[in-house]
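Right, one structure below, let's go through it.
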Amino acid sequence: MASGPRYQEIANDLRRRLAAGEWPVGTTLPGISDLQEEYDVSGLNTIRQAQRVLADEGLLNPVQGRGTFVTALPGPPGDPATLKQALDELRVALAQTQTALTRVMRHLD
């Protein structure tokens with residue numbers, strides 16, 4: 001079972017890679033087509049949505065025609081934004097688990 005929408009999985013991985021220092025502040029992320037290939041997604045909107053999540057968190061700044069720039073790195077695990085993200089992911093996983101459980105229970109009745 002997936003942990004959420006594909007764009008969210010990609011955003012989580014990009015966040016992890018930012019935290020690991022793969023792209024320091026001020027650098028440009030690889031282009032959308034490169035990320036599409038790397039994450040094996042055909043739609044460019046999937047990558048754009050992932051980048052938008054990180055832009056909303058203040059980590060990235062997409063500039064039309066120039067690229068997407070790293071403006072900050074993710075905070076420590078105890079950081080409120082990081083904890084909120086983890087809570088959101090847990091909520092999604094719980095909802096998916098509850099849905100699957102309901103389906104199984106219907107088949108058993």
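Given the structure is predicted, the values throughout are model-derived calculations rather than measurements.
- Glu9 places none of its side-chain heavy atoms less than 4.5 Å from the side chain of Tyr39.
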Should Val92 and Glu89 be marked as a side chain to side chain contact (heavy atoms under 4.5 Å, CB included) after you check the CA-CA gap, both sets of side-chain angles, and the distance that decides it? CA-CA 5 Å; Val92 168; Glu89 292 171 16; 5.8 Å; no
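- Leu18 and Phe69 are members of different hydrophobic clusters when ILVMFWY side chains are connected at heavy-atom separations under 4.5 Å.
- Under the salt bridge (charged side-chain N to carboxylate O under 4.0 Å, His left out) criterion, no residue pair touches residues 98-109, with sequence neighbours excluded.
- Across all their heavy atoms, Ala72 and Gly58 have their closest contact at CB-O, 3.5 Å.
- Atom CD of Glu38 sits about 7.5 Å away from atom CG of Asp13, to the nearest 0.5 Å.
- Counting heavy atoms from C-beta outward, Arg15 and Asn12 have side chains that approach closer than 4.5 Å.
- No side-chain heavy atom of Val70 sits under 4.5 Å from any side-chain heavy atom of Leu59.
- Listed by first and then second residue, the salt bridge (charged side-chain N to carboxylate O under 4.0 Å, His left out) pairs involving residues 19-35 are Arg17-Glu22 (not counting sequence neighbours).
- Open room surrounds CG on Asp40; 12 or fewer heavy atoms of other groups in view lie less than 6.0 Å from it.
- Judged purely by atom type and a 3.5 angstrom limit, Thr71 has no side-chain atom pairing as donor or acceptor with the backbone of Gly26.
- Residues Leu73 and Trp23 share a closest heavy-atom pair of CD2-O, 3.8 Å.
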Donor-acceptor pairs under 3.5 angstrom involving side-chain atoms of residues 45-53: please list them, not counting sequence neighbours.
residue, atom, partner, partner atom, Å
Gln51, OE1, Thr68, OG1, 3.3

